[in-house]
A.B. asks: 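Dumping the structure here so I can ask a few things about it.
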Amino acid sequence: METILGMDFGTTNSVVAVIRDGNVEALREDGEAILPSVVGLDSDGQLLVGYPAWNQWTLAPERTIKSVKRRMGEDVRLKMGNEEYAPQEIAAIIMRTLKERAERVLGYPVKKAVITVPAFFNETQREATRQAGELAGLEVVRIINEPTAASLTYKGNDQRAERLLVYDLGGGTFDVSIVQIEKGVVEVLASHGDTRLGGDDFDRLLLDHICDAFEKEHKIDLRRSPVSRSRVLKAVEEAKKRLSFEPVVKIEEEFIGEKAGVPLHLTPEIQRMEYEVLIEPLLSKTLVCVDESLSDAGLRVDQIDRVILVGGATRTPMVHRLLQDQLRKVLHAEVDPDLCVAMGAAVQGGLIAGIDLGPILVDITPHTLGIGCLGEVRGVMSPYCFSPIIERNTPLPATRSELYSTCCDGQEAAHIPVFQGEDEDVRNNHSIGEFYLEDLSDVPRGNEILVRFDLDLDGILKVTAVERATGKQEQLTINNAISRFRDEHQEEARARLESAFERAAARGRKGQQEELPPELREAIAKAEQLLAKTDQVAATASPEDAEEIQRLTEELRSAIQRRSHKEIEAATDALEDLVFYLEDVR
Ligand code: AMP
């Protein structure tokens, strides 16, 4: 079978993937699949592509070309050193580098490729991309849309039409597309975006934030010197990425400046919350595009089957939170968002070559894992608040941490009850373990406790709680943290949970119960009984029925969350009908 490469030629990064031994694989060299889309000439006129070119960009911009994808289709000449190049030529250098990488990894020559482009690219831009591929020595067997490629990594239901919302936030661009898949045909129904919005803008906001504070303190603007600016920019990008997994990070750039002969170091600490305030306006813009694309496609959110996240910047937790709030849907980011488009292009290449593949399988956590704490549950302060740490559908292994603080002056211990589940009230989730971090320092409330979850491929979860001020820590290891929870354990878990909270209460915590009207309480109790039963029916249902059950179950859960009596009743009826029908035919 001939090999057809899948190429994601991106504004910031590019990736090449291929089907090998029946699996889709992004090709890596030295463990790295990403090739920065940067081309340059070094001081001796030697060609640099990828990281070496990216490294010299801030220092020698006149010899370096970044983001050439933005210029595709334009009749311009781009200056690099003493020479001028058409955008296609620079793109061809990147594509040829990918082709050579593939040939080195595979060990044989490859001639064909499927190349992806944004859905909004016009014919001229597509043609320029095709020319670049040809200049790189490739036969471009197809140009496909990026959201289409992303959709191909998620094998859908063959029986009925499915609609996907693909939210793609990369380094330099953002777009959202509504894609329909029917009988193997993928069609982009609507696409919206901003070609000047992405993770790079987040870096710039963070750079300004850090440099403004440094200038205020030392009266030196680090942005003025290209070398310092480049150092800070790299440091903030790294910090930004870490903030996706850690609640607070420290930047450490020594000898960044000098004042009256005394060296100055840059050592700020950034809290995730502080960073989120900076990027919130940009993310709000993306949400407007989401609405616009739905309305262009003439669809409501509930007509969307899946939401797929693409692009490195979608790892930002705030993106997940805002999208979940707006769409109330499970977000799919199982396939690495950086590699998803190239992998989808490889799937398309495989289909052209006659290889039919199943879905791309990845190990993920099927449930959200987190801890119980004092916080808001459906708008009311409660001691039963579920604080997610590892979201469901996160690829394994995964490490995430969150910061909490004590709520009483002189609090001696922190209770860490661990749960899996999706409800904001821990009483509706499953308790999987608990422990105490004791002998805390005698300080006023607000003592910071960092809780870290390390989940490995075998489903073993290590939970570590650390008092930040002293480094004092306690650890708990939970085996089978992601195994499917069985109904027979539910009561036992509830009892364990109740007693865990009673013990916590005895340690000086007070809580308030949510007051609900009796009819609503009854409707919720009925719905919860049905949900428990549904789990058993789903376990033996056909894949199509299981999907329908999942959809109705999600609807019912979100109606419960919204405390909407009418919606709970309607969703309960719909789910009950299906469950009774399936029980009948069994
Ligand atoms: P892409 O163009 O899809 O390769 O996305 C690149 C962008 O994603 C860059 O701005 C990266 O800094 C950003 N990015 C990569 N990893 C993360 C992460 N863990 N958290 C936040 N942003 C990230």
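Because the structure is predicted, anything quoted here is derived from the model rather than measured. In each ligand, atom 1 is the first atom listed, and ligand 1 is the first ligand listed.
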A.B. asks: Please determine whether the number of non-hydrogen atoms from other residues, nucleotides or ligands lying under 6.0 Å from atom CZ of Arg231 exceeds 12.
C.D. replies: yes

A.B. asks: Could you tell me whether the side chain of Tyr167 reaches within less than 4.5 Å of the side chain of Val310, counting heavy atoms only?
C.D. replies: no

A.B. asks: Pairs of donor and acceptor atoms involving the side chains of residues 27-35, under 3.5 Å and at least two apart or interchain, shall be tabulated with distances.
C.D. replies:
residue : atom : partner : partner atom : Å
Arg28   : NH1  : Gly31   : O            : 3.4
Glu29   : OE1  : Arg101  : NE           : 3.4
Glu29   : OE1  : Arg104  : NH2          : 3.0
Glu29   : OE2  : Arg104  : NE           : 2.6
Glu29   : OE2  : Arg104  : NH2          : 3.4
Glu32   : OE2  : Ile34   : N            : 3.2

A.B. asks: Checking Phe386 now: which residues fulfil ring-ring contact (aromatic ring centres under 6.0 Å, His included) with it, not counting sequence neighbours?
C.D. replies: none

A.B. asks: If every non-hydrogen atom of Leu206 is compared with every non-hydrogen atom of Val236, which pair is closest and at what distance?
C.D. replies: CD2-O, 3.8 Å

A.B. asks: Counting only heavy atoms and a distance below 4.0 Å, can you name the residues contacting ligand 1?
C.D. replies: Thr12, Asn13, Gly170, Gly171, Gly199, Asp200, Glu237, Lys240, Lys241, Ser244, Phe245, Gly311, Gly312, Ala313, Arg315, Thr316, Asp338

A.B. asks: Can you name the residues that form a ring-ring contact (aromatic ring centres under 6.0 Å, His included) with Tyr404, not counting sequence neighbours?
C.D. replies: none

